[in-house]
Amino acid sequence: MIFVLYAAQFAVLLMLEHRRQAHLTAWALVILLLPFIGFVAYWIIGRRPAPYRQQTKYPSTSPNESERHFSTNQKSAENQTVCSAIHSSAESFGDMKERFPKLMALIANSPDFLLTNGNQTRVLTNGEETYDVMLKEMSKAKHHIHLDYYTIRGDATGQLFLALLTEKAKRGVEVKIIYDGVGTLKLGSVFLEKLHASGCRTACFAPPFRSLLNRRLNFRNHRKILIIDGVTGFLGGINIGDEYVGHDPKLGFWRDTHLMVKGDSVGELQHLFMEDWEAAAGEAMDRQCSNYFPGHSATGDEKVLIVSSVPSVQEQKIVEVLHSVLMAAQSGILASTPYFIPDPIIAAALAMAARSGIEVKLILPGVSDSKLVLLATLSHVQDMLDAGVRIYRYRKGFIHAKVLIVDDSIASVGSANLDLRSLYSNYELLAFLFDPKPINKLRKDFEDDLKLCEAIDPERFVRRSRKQKVAEGIMHILSPLL
């Protein structure tokens, strides 16, 4: 009887995880080492997510069910215009269709992608500059401030935000804050009480206990979004906390990248915030409110593509866009990521580019906020080195920037790491940029980072200790669970 139950664990795992081979292998090892206990852990936190529409039910603002997803319908209509422009207006989109044919075809054939044209962007380097600009822009708010963050801390940095947000709420500005239930687990109740007392409204995205009961504890909202009056938006890798300005005694200097946008793309961020608010707070926002989607005075003409993702095997929007961009590379790929546990498709694209003679440079942390994740990251280095990818380890502190630059023609900034968690288990967000100004700034920052890096010597790396290789091998198998 025990043998039957033992075998049944693997049968159920195979049936549920046959589409995710890496997860199948990882959980099989866990169950092999911890029979029954490992299976219970898998059943609670490891099961693959259902399709997005089955996960989240949004309250309707209209009795007509077809109007429930107003933003999706609106985006589809807008996207048709953009698609027509892609196919017919060479002047408007230049050589983008020829330069990135797969990406443009992906945009043209999917209502989920909207390439906006009238934007101004500013690349923000590190926490101090980002917070200074954020606080300055929030101080100008007249109607609303919307925040959607993985981590908010009650430390000195958090207190700066608390003071401004409570002041704005007392003056009648609508302040809504979404925080992830796990990422903001250590935020004290006093902080939230002060927000509520001033009139701010908060919503916890996937509270831990409820997520545990619903078997969704593993699927976190990792986005970092700030929207001010529907005209200014922020996204990137920086949460709200002292460590992002270098006050973590373990990690020291914190290197990160954030992005400020003004123009048409802010509406995309607003749609995402509304979806997250409806999921977290259980109430619908007025998607036709002109104050949420006002006309803007942005004079720029930068093109920005906002790409979001949800926990799903079926919907892999970020993976699809990243793959199409990487496969279009002709001269160079520059990437920095704090966690490198790539999807096989992404790993193959990077390796293929390097083997094709394209210069591929990858910056990884020298120190990490997780030793286990660092071991998993290093377990993928040998394959990349063998393919000809040049890999560097950042030595000034901890690099948390999530940046990709391809041929100086397209770049991405956002919350998604090049790891399986970001690509399949989290709610994530990337902005793809096509204008030379922000791309040149990102490239300059990348080149400055390289000066603070140590290149990994392939010959020396292959001679690392057997103990190190064994540890990396174990974490390589378990990496999908991190």
For [Y], does its backbone N or O pair with a side-chain atom of [X] as donor and acceptor, under 3.5 Å?
{"X": "H258", "Y": "G127", "result": "no"}
{"X": "S110", "Y": "I107", "result": "no"}
{"X": "T130", "Y": "N126", "result": "yes"}
{"X": "T257", "Y": "T125", "result": "no"}
{"X": "T166", "Y": "A163", "result": "yes"}

Next item on the list: With rounding to the nearest 0.5 Å, note down the distance linking OG1 in T116 to CD in E302.
Entry: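 T116 OG1 to E302 CD: 10.0 Å, rounded to 0.5 Å.
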**Item:** Rounded distance [0.5 Å steps], CD1 in I410 versus OG in S324
**Value:**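 Spacing of CD1 (I410) from OG (S324) equals 7.0 Å.
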For a quick check under 3.5 Å, do [X] and [Y] share a side-chain donor-acceptor pair by atom type?
{"X": "Y427", "Y": "E275", "value": "no"}
{"X": "T202", "Y": "K176", "value": "no"}
{"X": "H400", "Y": "E243", "value": "no"}
{"X": "Y339", "Y": "D369", "value": "yes"}
{"X": "N239", "Y": "Y244", "value": "yes"}
{"X": "N117", "Y": "D264", "value": "no"}
{"X": "N221", "Y": "N426", "value": "no"}

task: Go through the steps to decide whether E428 and S309 satisfy the test side-chain hydrogen bond (donor to acceptor under 3.5 Å, both in side chains), and finish with yes or no.
output: CA-CA 5 Å; E428 297 283 4; S309 68; over 6 Å; no
More than 12 heavy atoms from other groups under 6.0 Å of CD on E128
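For E128, atom CD is not crowded (no more than 12 foreign heavy atoms under 6.0 Å).
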key: Exceeds 12 heavy-atom contacts within 6.0 angstrom, atom NZ of K441   =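 Enclosed: over 12 neighbouring heavy atoms sit under 6.0 Å from NZ of K441.
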Query raised in the report: H271 and ring pair (Phe, Tyr, Trp, His ring centres under 6.0 Å): which partner among Y292, F293, W277?
Result: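 Looking at Y292, F293, W277, the match for H271 under the ring pair (Phe, Tyr, Trp, His ring centres under 6.0 Å) is F293.
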Heavy-atom pair of closest approach, residues [X] and [Y]:
{"X": "P338", "Y": "A401", "result": "CD-O, 3.6 Å"}
{"X": "A329", "Y": "I358", "result": "O-CD1, 3.1 Å"}
{"X": "F273", "Y": "L147", "result": "CE1-O, 3.3 Å"}
{"X": "G237", "Y": "D256", "result": "O-OD2, 3.3 Å"}

Check step by step if side-chain hydrogen bond (donor to acceptor under 3.5 Å, both in side chains) holds for H143 and D229.
-> CA-CA 6 Å; H143 181 263; D229 290 342; 5.2 Å; no
cation_pi(K396, F253) dist<6.0 Å, angle<=45: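 Cation-pi check for K396 and F253: passes.
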Exercise. What do the steps show when you test Q316 against H323 for side-chain hydrogen bond (donor to acceptor under 3.5 Å, both in side chains), and what is the final call?
Worked result: CA-CA 11 Å; Q316 305 170 3; H323 183 256; over 6 Å; no
side-chain hydrogen bond (donor to acceptor under 3.5 Å, both in side chains) between H146 and E174: does it pass, once the steps are laid out? CA-CA 8 Å; H146 293 162; E174 175 188 282; 2.7 Å; yes
